[in-house]
Engineer: 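Got a structure for you, questions after.
All chains are named by letter (A, B, ...) in the order of the sequence lines, taking the proteins before the strands, and each is independently numbered beginning at 1. Nothing here was measured: the structure is a model prediction, and the numbers come from that model.
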Number of protein chains: 2
Amino acid sequence: MTPNKEDFIKAIYELGGHEQVVSNKALVKALSISAASVTEMNTRLLKEGLITHLPYQGVQLTDKGLRIANQLIRKHRIWEVFLAEKLGYDWNEVHKDADLLEHVSSDFLIERLNVFLGEPTFDPHGGVIPNKDGTITEIDSTPLIECTVDDQFKIQEVDDQEEFLEYLLYKNVQLGKKYTLVDVEPYDGPLTLEAVDGERTIIGHKAAFKILVDKNV
Amino acid sequence: MTPNKEDFIKAIYELGGHEQVVSNKALVKALSISAASVTEMNTRLLKEGLITHLPYQGVQLTDKGLRIANQLIRKHRIWEVFLAEKLGYDWNEVHKDADLLEHVSSDFLIERLNVFLGEPTFDPHGGVIPNKDGTITEIDSTPLIECTVDDQFKIQEVDDQEEFLEYLLYKNVQLGKKYTLVDVEPYDGPLTLEAVDGERTIIGHKAAFKILVDKNV
DNA sequence: TCTATTTTTTAGTCTACCCTAAAAATATTT
DNA sequence: AAATATTTTTAGGGTAGACTAAAAAATAGA
Ligand SMILES: [Mn+2]
Ligand SMILES: [Mn+2]
Ligand SMILES: [Mn+2]
Ligand SMILES: [Mn+2]
């Protein structure tokens, strides 16, 4: 296993490769490599039994590939917690370094780091940290876009794209914060959230797809 | 710069390449790669201006190469402090993980980690951590082998080979611990140390080369 | 349905590392 | 001073991972 292969498998997972077929095109975009390189890597991973491949359609993770993806995501997210909680990174700053550290982390290191951090359940943007055995404890959450006026909820998880996290930082939307949805403008207009202290935040329509909330508040 | 190049430059430094010429043979041994690979890497580093090369004699670091070596050692040692102090690694366990982490550590990360650790001066086996600008604060120390009976000292630094550190762990010799040298057997015989609490430790002749002490105790 | 566009694959290159085996240079013995 | 041994370099290969350009296959549109 190499860093490139690991990131490739992780990308397949993040594009839904544990349940759907993922196209080469999607991987080209996600990894910023050429289409030829995707075909090449597919061939390698197929040979190692980490993916299945339907020519001209795409790839899917095997159980073996899925386990590797989950273990890498575990490492990634544990590092993100460390960078945010111990080193004071903002949540939009953690990803880049974690993306490198994840590939050079022995199990010994990760388990000790996990204990040092108090065995966290979520990463800084609310992503669930997979268990040591590669399984995932599913969390019940709803995309904000599916909420209706007067719904009450707390922010459960947000998309981890760096620019989006910066946007939320600017909007002062934080993980775990409680809101009421007080307005949704028609024709894909903005949403207005009201925090418990009365603070109002207006966010764009598309942002509401990237925020997951917990309505059992 | 790649991990292999970085480790190669670090190896040159550790073999004395900031003041002497380092032979290919020494690098073959230190890095466990073939002689041909050493020649090849020398050619690459020469082209980048990181070393000077005298054919059939060996290589030496340029100022540029020296700066890279010191910055890598800084990263390595800061990680070692983290692993030992925060994650509870024994001092013989830190090296392997630090040897990987050092290559994926941004300056941003290292400076934050350094602050988190309280800006340490020494790594877990007493090695000085180079400053941010690549300079080194020299420490006054004496090899234990040069001490004579009745000398008093404290342990300043020890060789960082994993097996040697295990040996010292077994002998209960710790950094900063104060001893009196009570006996040196002739014909390269063992040395006997006595701690302040009266505990006596007998160590082999060759071990006394790998331990540096501070006589200003 | 047939043409145009998009997507995927193939073919051919390139760089970074690594190797073994043989040749060349340097050091050491006798 | 030669012969022998050691060290370094050269020659020739190999693999992983990336690329561009061109061919092939699939999809979308008229
Ligand atoms: Mn991340
Ligand atoms: Mn990564
Ligand atoms: Mn070390
Ligand atoms: Mn290293």
Side-chain angles (χ1 to χ4, degrees), chain A residues 1-17 20-61 64-65 68-69 72 96 99-100 102-104, chain B residues 1-17 20-61 64-65 68-69 72 96 99-100 102-104:
Chain A
M1 196 52 49
T2 68
N4 284 323
K5 270 188 208 156
E6 287 183 337
D7 278 340
F8 198 93
I9 287 170
K10 193 174 63 165
I12 294 172
Y13 178 81
E14 284 165 353
L15 293 167
Q20 317 153 32
V21 162
V22 174
S23 71
N24 286 20
K25 202 201 170 191
L27 288 162
V28 164
K29 199 180 159 196
L31 295 161
S32 302
I33 56 176
S34 71
S37 296
V38 170
T39 297
E40 220 172 6
M41 188 62 93
N42 282 345
T43 309
R44 265 192 290 269
L45 297 181
L46 186 66
K47 206 176 301 174
E48 293 175 52
L50 302 175
I51 58 170
T52 55
H53 182 224
L54 295 165
Y56 287 96
Q57 290 196 241
V59 296
Q60 237 177 315
L61 293 176
K64 207 171 149 193
I68 290 172
L72 188 66
K96 209 191 307 254
D99 221 0
L100 298 175
E102 64 188 359
H103 306 290
V104 294
Chain B
M1 195 52 49
T2 68
N4 284 324
K5 269 188 208 155
E6 287 183 336
D7 277 339
F8 198 94
I9 287 170
K10 191 174 63 164
I12 295 172
Y13 178 83
E14 283 165 354
L15 292 167
Q20 315 154 33
V21 162
V22 174
S23 71
N24 287 19
K25 201 199 169 192
L27 288 162
V28 164
K29 200 180 158 196
L31 295 161
S32 304
I33 56 175
S34 71
S37 296
V38 171
T39 297
E40 218 171 8
M41 188 61 93
N42 281 345
T43 310
R44 266 192 289 267
L45 297 182
L46 187 65
K47 205 175 303 174
E48 292 175 50
L50 302 175
I51 59 171
T52 55
H53 182 223
L54 297 165
Y56 287 96
Q57 291 195 240
V59 296
Q60 239 178 314
L61 293 175
K64 205 170 148 195
I68 289 173
L72 189 65
K96 208 189 309 249
D99 222 359
L100 299 175
E102 63 189 0
H103 305 291
V104 294

Engineer: Do Arg44(B) and Met41(B) have side chains that get closer than 4.5 Å, going by heavy atoms?
Structural biologist: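 They are in side-chain contact.
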
Engineer: Which residues pass the side-chain hydrogen bond (donor to acceptor under 3.5 Å, both in side chains) test with Ser37(A), not counting sequence neighbours?
Structural biologist: Ser34(A)

Engineer: To the nearest angstrom, how far is Met1(B) atom CE from dA16(C) atom P?
Structural biologist: 12 Å

Engineer: Mind calculating the distance between CG (Leu27(A)) and P (dA18(D)) to the nearest angstrom?
Structural biologist: 13 Å

Engineer: Roughly how many Å is it from CD in Glu40(B) to P in dT15(C), rounded to a whole number?
Structural biologist: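 Distance, rounded to whole Å: 13 Å.
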
Engineer: Counting just side-chain N and O atoms, does Ser37(B) come under 4.0 Å of either OP1 or OP2 of dC18(C)?
Structural biologist: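 Ser37(B) to dC18(C) OP1/OP2: no side-chain N or O under 4.0 Å.
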
Engineer: What integer distance in Å separates Leu46(B):CG from dT8(D):P?
Structural biologist: 16 Å

Engineer: Mind checking side-chain contact (heavy atoms from CB on, under 4.5 Å) for Lys25(B) and listing every partner two or more places apart, or none if nothing turns up?
Structural biologist: Ser23(B)

Engineer: Quick one: which protein N/O atoms are closer than 3.5 Å to N/O atoms of nucleotides 1-8 of chain C? Pair and distance per line, please.
Structural biologist:
| from | atom 1 | to | atom 2 | distance (Å) |
| --- | --- | --- | --- | --- |
| dT7(C) | OP1 | Lys25(A) | NZ | 2.7 |
| dT8(C) | OP1 | Asn24(A) | N | 3.2 |
| dT8(C) | OP2 | Lys25(A) | N | 2.6 |

Engineer: Please report, to 0.1 Å, the donor-acceptor pairs under 3.5 Å made by any side chain of residues 7-15 of chain B, with sequence neighbours excluded.
Structural biologist:
| from | atom 1 | to | atom 2 | distance (Å) |
| --- | --- | --- | --- | --- |
| Asp7(B) | OD1 | His103(B) | NE2 | 3.0 |
| Asp7(B) | OD2 | His103(B) | NE2 | 3.2 |
| Lys10(B) | NZ | Asp99(B) | OD1 | 2.8 |
| Lys10(B) | NZ | Glu102(B) | OE1 | 3.1 |
| Lys10(B) | NZ | Glu102(B) | OE2 | 3.0 |

Engineer: Under the rule for side-chain hydrogen bond (donor to acceptor under 3.5 Å, both in side chains), what residues qualify as partners of Thr52(A), not counting sequence neighbours?
Structural biologist: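 With sequence neighbours excluded, Thr52(A) shows a side-chain hydrogen bond (donor to acceptor under 3.5 Å, both in side chains) to no residue whatsoever.
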
Engineer: Once salt bridge (charged side-chain N to carboxylate O under 4.0 Å, His left out) is applied, do any residues pair with Glu48(B), and if so which ones, sequence neighbours excluded?
Structural biologist: Lys5(B)

Engineer: Rounded to whole angstroms, how far apart are CG on Asn42(B) and P on dT9(D)?
Structural biologist: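 These atoms are roughly 7 Å apart.
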
Engineer: For Ser34(B) and dC19(C), is the shortest distance between a side-chain N/O and OP1 or OP2 below 4.0 Å?
Structural biologist: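 Answer yes for this pair, as a side-chain N or O of Ser34(B) is under 4.0 Å from OP1 or OP2.
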
Engineer: Rounded off to whole Å, could you give me the CD1-to-P distance for the Ile33(B) and dT8(D) pair?
Structural biologist: 13 Å

Engineer: Go through the structure and list residues passing side-chain hydrogen bond (donor to acceptor under 3.5 Å, both in side chains) with Asn42(B), not counting sequence neighbours.
Structural biologist: Asn24(B)

Engineer: Measure from CD on Glu48(A) to C1' on dA16(D) and round the result to the nearest Å.
Structural biologist: 11 Å

Engineer: Could you check whether any side-chain heavy atom of Thr39(B) comes within less than 4.5 Å of a side-chain heavy atom of His53(B), counting everything from C-beta outward?
Structural biologist: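 Not in contact.
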
Engineer: Contacts to DNA chain C from residues 3-13 of chain B, heavy-atom cutoff under 4.0 Å, which residues?
Structural biologist: Asn4(B), Lys5(B)

Engineer: What's the shortest heavy-atom distance between Glu6(A) and Leu72(A), and which atoms?
Structural biologist: O-CD2, 3.4 Å

Engineer: Nearest whole angstrom, please: distance from the P of dA18(D) to the CG of Leu31(A).
Structural biologist: 9 Å

Engineer: Side chain of Arg44(A), heavy atoms from C-beta onward: which of dT20(D), dG17(D), dC19(C) has the nearest atom to it?
Structural biologist: dG17(D)

